[in-house]
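The structure under discussion appears below in the form of structure tokens.
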Amino acid sequence: MNKPVDTPPGVMGNSTAARTPYDPAFDPLVAQRPGHGNAYAPTYWIGTAGEPPADDGPITHDIDVDVAIIGSGFTGLSCAIFLAQEHGIKATVLEANRVSWGCSTRNGGQAQCTTGRLKRSQWIDRYGLDTALKLHAEVCDAMETFKKITADIDCDPQPGGHLYIAHKAKAMPALEKEAKVMREIFKYDARILDADTVKREYVDDKEAAGALHEPEGIGIHAGKLAFGYLRKARALGAKVHPSSPVMGWETRNGVHYLQTPGGVVRARSVAVATGGYTSPHLHPQVKNRLLPILSNSLVTRPLTPAEIEACNFRTHQVITDTRILRHYYRLMPDNRVQIGSRSAITGADAPDDKYKQFLINDLHRKFPALTGIGIDYSWWGWVDVSHDMMPRIVQPDPKQSIFYSLGYGGNGVMYSAQAGRRMAERIAGKASDTGLPIFNSKLPYPNMMELVESQAFAPFRRLGQRFLYRWYHLKDEVF
């Protein structure tokens, strides 16, 4: 495993330095708190993003603010941007560790035109046609929001769409059905490609039995995007305070008292944007509303021209496959290959080298020409999966000025910008009633609510996850 990367040696800057080292075994279901000034994970994004921009340093005394945002990732920073741009509100962002320390600098950098983990056909099954059409309109609008907010951020965009590859022939009928739903019901120009076309015109993934190609999809450099959001938020007047974990939260007479190591932040409104690193102890409104799962990722050394030709990489588009425990991968602008998939169940197991080796084996299976290629970066991170596989951007109790945007399920790179915008609307009291359940209902508890309410039930949740992963593996690779 490569070493954690912090501010590059020899570079002088005024971003807040790490107080404590990177913890590879961090587990949000076990840890009491998300940390205090922890160093970044050793991701490709942090290793190649350049110097972290200036921030506002840790909280050092008691302060009064209109809006406090907990979490400085894509959602928290975009919320601060839209509060300033569209509502004239200058927010204060509190981050436990370094800026964008969690999901936002550990993902695969794939901006897809969706949110949550459900397909469009599943939207119809769950919500009905009218609501599904509105949800499609929402994610298409979200893609436009993402394009606009990132237009002046140098984050190495790779546009062109999304290639959804069938990893075996049995997956093709479902892809064909989904493409028909996309075209005929949602008027979204999805196309089915046969295996020969995929391998000849896009990439010679040896597993590919065909693919669904959708027109929207952008690859980005997650670290450069996070740093760009930080610069933009601060230029608009937002304050961003790393090394300022919320250690306690009380509400009295409508004012929220957020206790940090350096002082109390008294806020009229609080927005929670903590993703897969949400502490169960942060507030009752978010306790046990998410199941954090680990995703593993690696990046190779740059490919030679001969290796690119051997793999027939003719696209830089974002790619996923049809496994339930899906792979996400692409050829990066610097000709490295990035690939990710599921990882360990617990944080304690995450550093085990076998999970890295599983992913290396998967890379070799897809691209035999890359067998033995050097791996320059390897990391893992927690994904915020809701119990019904869809996010929520909501004010959970109309009597409390508390808001959260959580539960993207691994599809938050693009939609987090829109989520920040929608949460800003709610904070400003200017949200319209769209009738979409992601805006007007809380994140649900699991079915066995009375048991999950107990923190002691966490090991049983993990046991269930182990059985599910084994079943998913059988469905993906055997049946």
Side-chain angles (χ1 to χ4, degrees), residues 110-147 161-166 170-193 210-218 289-290 318 320-324 326 384-396 404-423 425-426 430-447 475:
Q110 294 200 4
Q112 297 181 23
C113 192
T114 190
T115 187
R117 297 191 68 81
L118 299 184
K119 301 172 185 176
R120 283 164 173 78
S121 59
Q122 293 172 310
W123 294 351
I124 297 173
D125 292 341
R126 177 176 293 183
Y127 303 123
L129 179 57
D130 288 347
T131 297
L133 289 170
K134 291 179 182 177
L135 190 51
H136 174 72
E138 167 66 13
V139 297
C140 289
D141 183 66
M143 181 59 83
E144 295 308 309
T145 297
F146 180 76
K147 292 174 182 176
H162 168 226
L163 196 63
Y164 192 21
I165 288 182
K170 288 183 179 179
M172 281 303 295
L175 279 188
E176 291 165 355
K177 180 180 177 181
E178 194 66 27
K180 183 177 180 180
V181 168
M182 288 178 164
R183 287 193 312 272
E184 297 182 1
I185 296 178
F186 294 96
K187 310 304 178 187
Y188 185 51
D189 188 23
R191 296 181 294 118
I192 287 294
L193 309 174
L212 181 157
H213 183 271
E214 59 176 300
E216 293 286 4
I218 305 171
R289 300 280 179 168
L290 299 168
V318 296
T320 56
D321 69 20
T322 50
R323 287 175 169 87
I324 303 172
R326 67 181 179 180
D384 54 330
V385 178
S386 71
H387 296 292
D388 69 351
M389 304 296 173
M390 290 296 285
R392 296 298 191 282
I393 304 91
V394 69
Q395 181 181 6
Y404 62 67
S405 181
L406 299 164
Y408 305 132
N411 275 318
V413 171
M414 180 281 288
Y415 192 73
S416 57
Q418 182 85 336
R421 180 184 174 201
R422 297 303 190 206
M423 190 156 62
E425 291 171 351
R426 279 148 183 76
K430 296 181 181 179
S432 58
D433 184 7
T434 63
L436 288 176
I438 64 172
F439 300 132
N440 60 20
S441 64
K442 299 180 184 181
L443 285 167
Y445 285 118
N447 291 333
K475 292 185 72 175

> Can you list every pair that meets salt bridge (charged side-chain N to carboxylate O under 4.0 Å, His left out) and has a residue in residues 117-136, with sequence neighbours left out?
Replying inline: Arg126-Asp388

>> Restricting to non-hydrogen atoms, name the atom on Thr115 and the atom on Met390 that form the minimum distance, rounded to 0.1 Å.
In response: O-SD, 3.8 Å

> Looking at residues at least two apart in the chain, or sitting in another chain, which of them share a salt bridge (Lys or Arg N to Asp or Glu O under 4.0 Å) with Arg323?
Replying inline: Glu207, Asp321, Glu477

> Who are the side chain to side chain donor-acceptor pair (under 3.5 Å) partners of Tyr408, not counting sequence neighbours?
Replying inline: Thr75, Ser405

>> Taking side chain to side chain contact (heavy atoms under 4.5 Å, CB included) as the definition, give me every residue that meets it alongside Arg191, ordered by chain and number, with sequence neighbours left out.
In response: Asp189, Leu193, Tyr202, His213

> How many angstroms lie between atom CG of Leu118 and atom OG of Ser386, to the nearest 0.5 angstrom?
Replying inline: 8.0 Å

> What residues form a side chain to side chain contact (heavy atoms under 4.5 Å, CB included) with Glu216, not counting sequence neighbours?
Replying inline: Cys113, Met143, Glu144, Lys147, Tyr188

>> Tell me every residue that passes side chain to side chain donor-acceptor pair (under 3.5 Å) with Thr131, counting only those two or more places apart in sequence or in another chain.
In response: none

> Residues two or more places apart in sequence or in another chain: which of them pass salt bridge (Lys or Arg N to Asp or Glu O under 4.0 Å) with Glu138?
Replying inline: Arg422

> Hey, does the side chain of Thr434 reach the backbone of Leu436 with a donor-acceptor pair shorter than 3.5 angstrom?
Replying inline: yes

> Residues two or more places apart in sequence or in another chain: which of them pass side chain to side chain donor-acceptor pair (under 3.5 Å) with Thr114?
Replying inline: none

>> Let me confirm one number: the OG1-NZ distance from Thr322 to Lys170, rounded to the nearest 0.5 Å.
In response: 12.5 Å

> Residues in side chain to side chain donor-acceptor pair (under 3.5 Å) with Gln110, at least two apart?
Replying inline: Gln112

> Is it true that the NZ or CZ of Arg392 lies under 6.0 Å from the centre of Tyr404's six-membered ring and within 45 degrees of the ring axis?
Replying inline: no

>> According to salt bridge (Lys or Arg N to Asp or Glu O under 4.0 Å), who are the partners of Asp384, at least two apart in sequence or on a separate chain?
In response: none

>> Checking Thr145 against Arg421: is there a side-chain donor and acceptor pair closer than 3.5 Å?
In response: yes

> With sequence neighbours left out, what residues match Phe439 under ring pair (Phe, Tyr, Trp, His ring centres under 6.0 Å)?
Replying inline: none

> Under the 3.5 angstrom rule, does the side chain of Arg289 hit a backbone N or O of Leu443 as a donor-acceptor pair?
Replying inline: yes

>> Once ring pair (Phe, Tyr, Trp, His ring centres under 6.0 Å) is applied, do any residues pair with Phe146, and if so which ones, sequence neighbours excluded?
In response: none

